[in-house]
Amino acid sequence: MHQAELNRLDDATLAQRARELAAGGSISDPAEFLAVLGIAAERTLGLTPFAVQSQAVLRLVEGDVIQMATGEGKTLVGAMAATGFALSGKRVHVITVNDYLAERDAEWMRPLVEFFGLRVAAVTEKLGPEERREAYAGDVIYGPVNEIGFDVLRDQQVTRREDAVQLPADVALVDEADSVLVDEALVPLVLAGNRPGRESTGQITDVVRHLREREHYTIDDDRRNVFLTDEGAARVEGALGIDSLYDDEHIGTTLVKVNLALHAKALLIRDIHYLVTDGKVALIDASRGRVADLQRWPDGLQAAVEAKEGLDVTEGGRILDTITLQALMRRYPMVCGMTGTAVEATDQLRQFYDLHVSVIDRNKELRRFDEADRIYATAAEKNRAIVQEIAHLNSTGQPVLVGTQDVAESEALAEALEELGIEVNVLNAKNDAEEARIIAEAGDLGRVTVSTQMAGRGTDIRLGGADQSDHEAVAALGGLAVIGTSRHRTARLDNQLRGRAGRQGDPGLSLFFVSLEDDVVTSGGAGENVTARPEPDGSIHSDRIRDWVGHCQRVTEGQLLEIHAQTWKYNQLLADQRVIIDERRAKLLDTPQAWEELAERAPERAAELADHPDREQLARDIMLFHLDDEWAEHLAVMDDVRESIHLRAIARETPIDEYHRIAVREFKDLAQRAVDKAVETFREGTLEEKGLARPSATWTYMVSDNPLAGSGNSVVSGIGNLFR
Ligand code: ADP
């Protein structure tokens, strides 16, 4: 049917037509199908999709990651694609970066999805189990990646199928795909359960507190690793009254704690990497530059920082299960995604997910001007120039959005600007909705907004304020000016920031400042001797140096990719093992197999229980308890192995092979051990009678392994460190 004919159909007939076109799981006439979706969008949302949006929908349905700039209307594109999947009988999880966007997008797009008689829902932190179950039963489910992952982990602990909340989904459609699939891919989501008691680290903290840099320990150039010198080791050994930290008995225990305490002392800086509020350590999310409520460092490091600050050391629970975002995404039979910056992540997306990137043209031509980097010899000279440039732009009324590397830098810059009498909006909002509002206002006449580059992703910035009342005036001034205070570790992150300006054909400006003292230059260019002849104000005008800065960034990007690949190797094996455990779990949950196996191994006890009304569940509880218990134990063992592998790596063995060998060996007997223990419990009584219980409380968090590196890839490089 043609557009004109389709236009004449009433709602019900149109919806029926879409179902016919999608019948059988694939779409028979894509052009007509898109036309139907478009008409539905027009009738329900008042939005007529641009041609480029329809192309994007098609690429998504084919399973690509699409690159579309900010403000091009990805929300509608995602909803149309999700609806398309759902019409062909697939359940879709639309993965957002936070609760706020999950809720906003689900509500905004609801009329479109419901037009076709499909169900749409949002899963957010505040929902209880019953509401979650209902939401997950829908066709199109919006949810932030951590909530969806936590539900996966919790569902893998249930002992009755009906207690699970998720139903399997066929497709993950990932918004801000590069953040989730690349930058945060190796962030582990953790489910922990209560368990009393942990050792004190007090004495070690005291000893380490008095160590001095260079004499007792050294820090490597990129300030990510710290090493004890011989003198430092001797001093610690003396104070603790032990012979050698490197003896077998200390290497996996005391030495690990000393290293953690040293890491906490030397590399983690209060107010840059964490804040102390209300007697607690609050991590600062390096990529978003604000307090990361749900995050902790791995237990040992968290405790070491708490000890350093003289706070109560929080009780460490037992890790019941964990999953990285990368492993979570690989559970879906199909993944597709959208982001403003996919091209620079092409290698990672192909290597880790077998995903292809499609670039979608802009609806209107880009009118943003990207200035060449302004390069300075020192950070101080650069900072002076940044303040001057902002003051200059502000004097014309042009709105300025400044992207900084961290919270401390944001605040220092804001202070310098305020001294000049310039009013500054510093983005340090604690909630996503507030953050979105501030970002949405960043295009207002004369506004100066300072934030870290990730803040408010998913919000588009309109000229002349959110209501665009001064759109023309701001456009005449050149639109939004975006300033980066240094180049990020990857060009992709630079482009995310640039992409804030020049939406939908608006004019705009982007400009980055660089100093030869910036992290990306010193670490990417480490060991290279480059001379420059700065002007009196510190500025350097040289194409050679400009090229070299780009080169430094590419070196850093290469390092990050390599670290990601290496780290994933460590994760992949455990992820594969988890799949095997889960298959076993499913069988125990959904069939009477637990009872059958136990009855076969312990026939006398089975005979006693023959008339027990709930004998199958009783057997199931026992089997699952021991299976889960062994898995948690396996995770703990492998965690320790990681720590000591790190120490072996210093001795130049091949850590990954060693790690694999141990993981395979440990896992081999796991299932059998779980069954043996279950038989023993079964013979002797019930779980309660043996004092065996699942944790009475569980909690979830995300681990931020490495607070050190700036911008976005912090977690990746942090885990990598452990294995270098
Ligand atoms: P993105 O996520 O790509 O940055 P959004 O989905 O937030 O963009 O959309 C940006 C703005 O463009 C929204 O206000 C939306 O209403 C508008 N928009 C999207 N598609 C269309 C369309 N086809 N016609 C008119 N406005 C649109």
Side-chain angles (χ1 to χ4, degrees), residues 3 34-60 65-83 94-98 100-113 122 140 142 144 173-180 336-343 358-364 366 368 401 432-433 435-437 439-443 453-469 471 479-480 482 495-506 508:
Q3 178 90 20
L34 284 170
V36 173
L37 283 176
I39 295 169
E42 209 173 299
R43 289 192 193 168
T44 54
L45 306 171
L47 296 174
T48 313
F50 306 124
V52 287
Q53 286 178 308
S54 295
Q55 277 163 22
V57 173
L58 211 53
R59 297 318 311 156
L60 279 178
V65 170
I66 54 161
Q67 166 160 312
M68 263 181 112
T70 343
E72 292 284 304
K74 285 188 284 297
T75 316
L76 175 60
V77 166
M80 285 169 64
T83 306
V94 183
I95 312 245
T96 61
V97 285
N98 57 40
Y100 162 73
L101 289 172
E103 223 160 37
R104 185 200 75 176
D105 292 354
E107 279 323 303
W108 183 12
M109 294 295 136
R110 175 179 300 284
L112 173 65
V113 183
V140 175
Y142 285 83
L173 195 164
V174 188
D175 195 7
E176 307 293 359
D178 57 333
S179 289
V180 175
C336 58
M338 15 186 224
T339 170
T341 40
V343 168
S358 284
V359 179
I360 307 296
D361 286 339
R362 287 169 188 270
N363 181 47
K364 292 194 184 137
L366 179 66
R368 185 185 71 218
L401 174 70
D432 299 316
E435 186 172 291
R437 191 189 57 73
I439 285 287
E441 293 293 333
Q453 102 278 4
M454 285 291 292
R457 265 198 106 171
T459 316
D460 105 277
I461 303 176
R462 293 160 179 225
L463 300 189
D467 62 0
Q468 307 198 66
S469 50
H471 186 280
L480 178 68
V482 166
N495 289 343
Q496 283 176 7
L497 182 58
R498 286 193 209 280
R500 297 302 202 154
R503 79 177 277 283
Q504 286 285 350
D506 284 340

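Order of appearance sets the numbers: ligands from 1, and atoms from 1 within every ligand. Keep in mind that the numbers below use all heavy atoms, side chains included, and drop hydrogens, waters and symmetry copies.
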Closest heavy-atom pair and its distance - [X], [Y]:
X      : Y      : value
Gly508 : Ala501 : CA-CB, 4.4 Å
Glu72  : Arg362 : OE1-CA, 3.3 Å
Tyr142 : Asp105 : CE2-CB, 3.6 Å
Gln3   : Ala35  : OE1-CB, 3.6 Å
Ala82  : Val94  : CB-CG2, 4.0 Å

Counting heavy atoms only, which part of [X] comes closer than 4.0 Å to ligand 1: side chain, backbone, both or neither?
X     : result
Glu72 : backbone
Thr75 : both
Gln53 : side chain
Ala69 : backbone

Tell me the protein heavy atom at minimum distance from [atom], and give that distance in Å.
atom                    : result
atom 14 (O) of ligand 1 : Arg462 NH2, 2.3 Å
atom 25 (C) of ligand 1 : Leu47 CD2, 3.7 Å
atom 24 (N) of ligand 1 : Phe50 CZ, 3.4 Å
atom 10 (C) of ligand 1 : Asp460 OD1, 3.5 Å
atom 8 (O) of ligand 1  : Gly73 N, 3.3 Å

For this session: Examine the side chains of Asn98 and Glu435 and answer whether a donor and an acceptor come within less than 3.5 Å of each other.
Result: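 Checked: Asn98/Glu435 side chains show no N/O donor-acceptor pair below 3.5 Å.
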Exercise. Are a donor atom and an acceptor atom from the side chains of Asp175 and Thr96 found within less than 3.5 Å of each other?
Worked result: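 No, no side-chain donor-acceptor pair sits under 3.5 Å.
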Measuring only between side-chain heavy atoms, which start at C-beta, is [X] closer than 4.5 Å to [Y]?
X      : Y      : result
Arg59  : Ile360 : yes
Pro144 : Val97  : no
Thr70  : Arg503 : no

Exercise. Out of Gly499, Gly71, Ala56, whose heavy atom is nearest to atom 1 (P) of ligand 1?
Worked result: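 Of the listed residues, Gly71 has the closest heavy atom.
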For this session: Could you pull out, from Arg503, Lys74, Arg500, Glu176, the option with a heavy atom nearest to atom 12 (O) of ligand 1?
Result: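 Shortest heavy-atom distance from atom 12 (O) of ligand 1: Arg503.
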Exercise. Within the structure, does Thr70 bring an N/O atom to less than 3.5 angstrom of an N/O atom in ligand 1?
Worked result: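 The answer is no, given that Thr70 and ligand 1 share no N or O pair closer than 3.5 Å.
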Exercise. Given the protein's heavy atoms, is any one of them under 4.0 Å from atom 17 (C) of ligand 1?
Worked result: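 It does not; no protein heavy atom is within 4.0 Å.
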Problem set entry | For Trp108, the ligand 1 atoms whose distance to one of its heavy atoms is below 4.0 Å |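 In order of number, 13 (C), 15 (C), 16 (O).
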Exercise. Any idea which atoms of ligand 1 are less than 4.0 Å away from a heavy-atom of Thr48?
Worked result: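 The list of qualifying atoms is 22 (C), 23 (N), 24 (N).
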